[in-house]
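Naming: A, B, ... by sequence-line order, numbering from 1 per chain. Worth knowing before you read on, the calculation uses all heavy atoms, side chains too, and leaves out hydrogens, waters and symmetry mates.
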Amino acid sequence: MCGELTAADDGKDVVLMGWVQRRRDLGALIFVTLRDRTGIIQIVFNSDTDPELHDKALGVRSEYVLAVKGTLKRRSPDAVNKNMPTGEVEVIASELRILGKSETPPFHIEENSDANEVLRLKHRYLDLRRPDLQRNLILRHRVAKVARDYYDENGFIEIETPVLGRSTPEGARDYLVPSRVHPGKFYALPQSPQLFKQLLMVSGFDRYMQITKCFRDEDLRADRQPEFTQIDLEMSFVDVEDVISVNEGFVRRVFKETLGIDLPTPFKRLTYNEAMTRFGSDKPDTRFGLELTDVSDIVKTSGFKVFADAIANGGSVRTINAKTAGGSFSRKEIDALADVVKTYKAKGLAWMVIEEGGVRSPIAKFLSEEETSAIINRLNGEAGDLLLFVADKDEIVFDSLGHLRLVLGEKLGLIDKNTYEILWVTEFPLFERDEEENRWVAKHHPFTSPMDEDIEYLDSNPGRVRAKAYDIVLNGYELGGGSIRIHDQELQNKMFNLIGFSDEEAKERFGFLLEAFKYGTPPHGGLAFGLDRLVMLLTKTDNIRDVIAFPKVQTAADLMTNAPDVVDAKQLEELSIETVTKSE
RNA sequence: GGCCCGGUAGUUCAGUUGGUUAGAACGCUAGCCUGUCACGCUAGAGGUCGAGGGUUCGAGUCCCUUCCGGGUCGCCA
């Protein structure tokens, strides 16, 4: 193929098929660069040697599909193009067939296209001709292949689960599919195959995996699509360590086979609590420092009411030392940092620049000398450092400083884009508080097992119960997550009750699962990786659309097919559906 | 639902305090050209300034509404 020919093929007869990248017409001599998915190569048409063929080449335009027969020749030394992988050779054409003509494309097909994304998405089939997107999708294919090979070698069976299922409460909004046969009833597309894979454990498929589409009707982000792909798996007779070790093997294999990188083993571990207190995030980017420091004890009796009150109300005061930024950040830049934390509901950002022999800070006058020097001590402050403080409820302090840390890391150039930092975050809380509904909800999902040593607190203090749940985090992205499940019927019922389901409700919603658990359920657990995100990180793109062949835009629409769209009244009628127009 | 950013030839963009006929580069079309590879040279075509309304003697430029897209908060067990 085009990109695979080298000087070693000198003299060979070749037949090439591909698209015209460019035509350079020098009069009696025409050069065409032909492109296929392997690369590009130069074809030469010379009117001296074959006027008829040359005439035919005159009509060739960009993106025409050609079949060219010819002889591969080494170029003369002065004609070699060092910028081109096949630049040492070219094909002297002897025959040309135009297999398909092309209109002038709406944008130029090239690597690193600067064409507008809307335009590219409307003509995605053209966008996908570009080498960078082709590389991404080919790498995606290889990751999927490694997954199937690796899990197969480790005894996993790939089993498909239904796409048309039932809607379950909790979690994301469902995509619904109306039933024609059952007027007024709906299927839901799966948010994940969670329940089915647990049932497969009950069935005795002790190791299951599947590469599968999941659907969540929530707002999109740079790393979130409404339909996305999971590498989903579940194992019987395991505890946390078993799941972690099998999947560590998978991730190492993917990195080895796609990028040639040996990831260190074992991967680092952080408990949820550590991750939050040190990085302000349950998916910390550990490629750089700027860790959080708690100074609550120093300032709890401070004259600065903002600090003292936050602590009195059960919150904390935490600090990031942005090394060296004190000298370089303008007032305006510091204000911009304050805007960052305000996004996450922090009321403000206090700051302190350490200078030779003193500090410059709007809060200095509220702090005693002892307090100031204790803070500087704890943060190993030196002249030129910028200390940034947030005082609030822990949740807000962590969230705002965690995000501020990322902004600072980027701004101070502390992030090495060529490294991969991977780690497991473990011991997540089992529950979190839903303030709106004033109840406990499962942080992971309602089938997650509590840690054995915390079961005793289920009734007395649900908030302190830790779960056998784990996430795998790569460069600050949640790559995957999972848990050991509850396989005890009584415990499962208790769990439902704690999140506010009556026995009847639980039975109605998950009756089939509870019923199944009556018949001999092995201890089991699993994990799911976000394939799109994994590929996104491997290809170093920052946008999930670049690793999906036909992605949707922020409004969940497909600009190429124009989905979603209205349907015939007849179709609606068959489905017993009437639409209403919402008024303001 | 909130906040921020963007929309001007096919494409990427420029367009001053509101002022004559809205420009450039690339692409496209035609002609010339035998070693180009971002080929070169000459000529030409190409515009609903996202849409609608308003202010004004005059709007790409100011105001309002709206559409499309991006980022983000909420949301995403």
Can a donor-acceptor pair under 3.5 Å be found between the side-chain atoms of [X] and the base atoms of [N]?
X	N	answer
A:Glu90	B:rG35	yes
A:Arg23	B:rG27	no
A:Arg216	B:rC75	no
A:Arg224	B:rC75	yes
A:Arg120	B:rU11	no
A:Asn116	B:rG69	no
A:Asp25	B:rC33	yes

For [N] versus [M], give the span between their [atom1] atoms, rounded off to a whole number of Å.
N	M	atom1	result
B:rG35	B:rG40	P	15 Å
B:rA45	B:rA22	P	14 Å
B:rA59	B:rU8	C1'	14 Å
B:rG46	B:rU55	C1'	33 Å
B:rG19	B:rG60	P	10 Å
B:rU36	B:rA30	P	24 Å
B:rG74	B:rG10	P	41 Å
B:rG50	B:rU61	C1'	16 Å

Atom [atom1] of [X] to atom [atom2] of [N]: distance rounded to whole Å?
X	N	atom1	atom2	value
A:Leu121	B:rG70	CG	P	8 Å
A:Leu406	B:rC73	CG	P	11 Å
A:Ile109	B:rU11	CD1	C1'	12 Å
A:Asp114	B:rA14	CG	P	13 Å
A:Leu119	B:rU11	CG	P	6 Å
A:Lys73	B:rC37	NZ	C1'	19 Å
A:Glu117	B:rC68	CD	P	17 Å
A:Arg35	B:rC37	CZ	P	20 Å

May I ask you to say what [X] touches in the nucleic acid, namely base, sugar-phosphate or nothing, with a heavy-atom cut-off under 4.0 Å?
X	answer
A:Ala222	sugar-phosphate
A:Leu220	nothing
A:Phe31	base
A:Arg61	sugar-phosphate
A:Leu559	sugar-phosphate
A:Asn81	base
A:Thr555	sugar-phosphate
A:Thr33	nothing

For [N], give the paired nucleotide (Watson-Crick: N1-N3 plus N6-O4 or O6-N4; G-U: N1-O2 and O6-N3; both under 3.5 Å), or none.
N	value
B:rG74	none
B:rG40	B:rC32
B:rA24	B:rU12
B:rG69	B:rC5
B:rC49	none

Phosphate contact ([N] OP1 or OP2) by [X] side-chain N/O below 4.0 Å:
X	N	value
A:Arg221	B:rC75	no
A:Arg22	B:rC39	yes
A:Arg24	B:rC39	yes
A:Gln554	B:rG71	yes

Nearest to the side chain of [X], heavy atoms from C-beta on, is which of [options]?
X	options	answer
A:Val553	B:rG70, B:rG74, B:rU29	B:rG70
A:Arg173	B:rU36, B:rC75, B:rG69	B:rC75
A:Thr104	B:rG71, B:rU36, B:rG27	B:rG27

Should [X] and [Y] count as an ion pair when the cut-off is N to O under 4.0 Å?
X	Y	answer
A:Glu63	A:Arg129	yes
A:Glu218	A:Arg224	no
A:Glu88	A:Lys82	no
A:Arg124	A:Asp127	yes
A:Arg485	A:Glu234	yes
A:Glu95	A:Lys56	no
A:Arg23	A:Asp25	yes
A:Asp558	A:Lys552	no
A:Lys283	A:Asp471	no

Starting at the 5' end of RNA chain B, which residue's closest nucleotide do you reach first, A:Lys552 or A:Asp399?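 Counting from the 5' end, the first nearest nucleotide belongs to A:Lys552.
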Let me spell it out: for each of A:Ala172 and A:Leu29, pick the nucleotide of RNA chain B with the closest heavy atom. Which residue's pick is nearer the 5' end?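 Result of the comparison: A:Leu29.
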